[in-house]
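Some notes on the structure that comes next.
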Amino acid sequence: MRVTFTILFALSLAACATTPDATSVDASDAAEVVETPLPKPLFEVRPVSRESEHLFAIEDPLTLAVEARWNGENELAYQHFYAAWLATPESVDVNIGLIDMALKTGKFEQAYLAASKLVINPDTAKPKLLAAQVLAELAVGKSPDPEIRLNQALERHPNDPRLWNALGGFHDKQGQPLRAQDCYMQALKTGGTKASVVNNLGMSLLLSGDTRSALAKFEQASELDTHTPIYDNNRRLSLALLGQYDLAVDGLADDSAADILNDAGYIARSREDIIKAASLFKAAIARSTRYHTKAHENLRALQTAR
């Protein structure tokens with residue numbers, strides 16, 4: 001189914017002149033000291049200072065990473081954090097920054113690579129570091145126990161909306177929609193990325209059978225973020241499940257419309273609404289301009305199961 005961190009290198013150009021020790025003179029002998037003038041040099045010598053034209057051109061990648069992150073340049077921030085991590089892989093702040101940016105830009109394997117090298121005590125580690133490690137494990141499906149790990153991280157960092165959102169996803173997968181929805185609401189209260197959390201809340205409602213409430217959430221997510229197609233896609237799925245086929249596929253090319261109807265049918269089947277699922281698969285086949293392999297396979301599986 002398609003449901004889908006300036007350390008400027010102190011270039012000491014420097015002033016490392018070595019000076020011979022001066023001869024000490026007792027105060028009582030001061031009157032007897034006669035200064036002998038030094039011979040006038042043949043050439044006038046003036047101190048010369050040289051400054052590299054690149055003095056301020058060498059910047060630490062950690063500073064560049066933090067600046068890029070502040071500016072919302074996530075991909076650039078990731079690249080600089082990665083460079084900083086290669087230089088100082090033991091730095092807590094660098095690890096936090098790298099893992100967070102890797103997760104944000106979809107580089108889950110890199111996030112896990114960094115996280116898996118960390119040996120930390122969940123009870124004493126920096127909360128943000130523990131959260132980053134747990135989220136990286138979950139992103140690649142390599143968490144030893146998602147629920148325990150998420151609760152460990154939340155105990156140390158209860159205001160991290162990403163952890164609440166991830167825990168909601170865990171409960172949805174376990175068929176516990178009410179617990180999942182409570183987690184999504186907590187993610188929203190702690191400042192989570194509103195559109196994505198609202199979308200997840202909508203999907204939880206949709207999979208549990210509350211299609212009308214799900215539709216309202218998908219419409220809200222679409223309004224909050226008009227640049228992420230999946231939110232509008234989920235809105236259309238809800239409309240199709242409500243039997244509003246024309247609204248569900250409004251403005252779509254035939255093949256895209258067929259995909260929406262097929263996906264809606266798959267959801268209906270997962271909810272054991274066999275009659276609606278069959279109707280949606282047939283509608284997908286009729287709308288498609290090509291042989292819709294998935295819709296045909298889904299319909300055939302449905303009929304065989306009967």
Side-chain angles (χ1 to χ4, degrees), residues 1-4 105-108 139-141 165-166 168-177 180-181 184 193-306:
M1 180 182 67
R2 295 174 38 259
V3 181
T4 358
T105 56
K107 298 174 179 60
F108 303 139
V140 295
N165 189 47
F170 169 79
H171 286 309
D172 265 333
K173 289 179 182 177
Q174 299 302 307
Q176 302 168 322
Q181 290 156 31
Y184 295 135
T193 305
K194 200 166 182 181
S196 64
V197 178
V198 168
N199 175 73
N200 290 347
L201 178 55
M203 186 55 68
S204 181
L205 290 164
L206 183 69
L207 294 176
S208 63
D210 191 349
T211 309
R212 292 194 180 279
S213 294
L215 175 60
K217 294 304 177 183
F218 294 140
E219 289 175 340
Q220 183 183 356
S222 297
E223 290 172 1
L224 289 168
D225 183 352
T226 60
H227 302 294
T228 303
I230 189 67
Y231 305 152
D232 183 62
N233 184 78
N234 290 340
R235 178 187 68 82
R236 292 174 182 277
L237 287 174
S238 298
L239 288 167
L241 285 164
L242 289 169
Q244 301 178 39
Y245 294 0
D246 289 341
L247 286 177
V249 301
D250 184 48
L252 294 180
D254 286 339
D255 290 338
S256 295
D259 290 340
I260 288 289
L261 295 169
N262 173 69
D263 291 347
Y266 191 94
I267 294 173
R269 188 179 72 177
S270 71
R271 294 178 357 187
E272 299 184 358
D273 190 338
I274 306 304
I275 295 176
K276 182 171 292 184
S279 176
L280 284 161
F281 291 142
K282 290 176 182 177
I285 293 170
R287 189 63 184 262
S288 181
T289 61
R290 54 184 169 76
Y291 183 82
H292 201 295
T293 304
K294 289 295 182 183
H296 278 281
E297 290 178 350
N298 288 333
L299 182 58
R300 191 178 305 117
L302 199 65
Q303 293 170 338
T304 300
R306 288 179 177 180

Response to the item:
salt bridge (charged side-chain N to carboxylate O under 4.0 Å, His left out) pairs touching residues 235-251, sequence neighbours excluded, are Asp232-Arg235, Asp232-Arg236
Discussion item. Please evaluate residues Leu206 and Phe218 with respect to the criterion side-chain contact (heavy atoms from CB on, under 4.5 Å), reporting the C-alpha separation (whole Å), side-chain torsions for both, the decisive distance (0.1 Å), and the verdict.
Written reply: CA-CA 10 Å; Leu206 183 69; Phe218 294 140; 4.1 Å; yes
Worksheet item: What pairs with Arg287 under salt bridge (Lys or Arg N to Asp or Glu O under 4.0 Å), at least two apart in sequence or on another chain?
Response: Asp254
Fill in: Main-chain N/O of Arg300 paired with Thr304 side-chain donor or acceptor, under 3.5 Å
yes
Worksheet, complete the sentence: So CZ of Arg269 and CG of Leu302: to nearest 0.5 Å the spacing works out to 6.5 Å
Fill in: Contact check, side chains of Ile267 and Asp273, non-hydrogen atoms, under 4.5 Å
no
Worksheet entry | Partners meeting side chain to side chain donor-acceptor pair (under 3.5 Å) with Asp210 (sequence neighbours left out) | Ser213
Worksheet item: Any side-chain heavy-atom pair from Arg271 and Leu207 closer than 4.5 angstrom?
Response: no
Item to complete: Any chance you could measure Asn233, atom CG, to Ser238, atom OG, to the nearest 0.5 Å?
Response: 9.5 Å
Fill in: Option among Asp263, Leu215, Thr211 that satisfies the side-chain contact (heavy atoms from CB on, under 4.5 Å) test with Leu237
Asp263
Discussion item. Any non-hydrogen side-chain atom of Asp172 less than 4.5 Å from a side-chain atom of Tyr184?
Written reply: yes
Discussion item. Quick one, Leu280 and Tyr245 - any side-chain contact, counting heavy atoms below 4.5 Å?
Written reply: yes
Practice prompt. Tell me, with the steps shown, if His292 and Asp259 meet side chain to side chain donor-acceptor pair (under 3.5 Å).
Written response: CA-CA 8 Å; His292 201 295; Asp259 290 340; 2.8 Å; yes
Worksheet item: So, does Ser196 use its side chain to make a donor-acceptor pair with the main chain of Thr193 at under 3.5 Å?
Response: yes
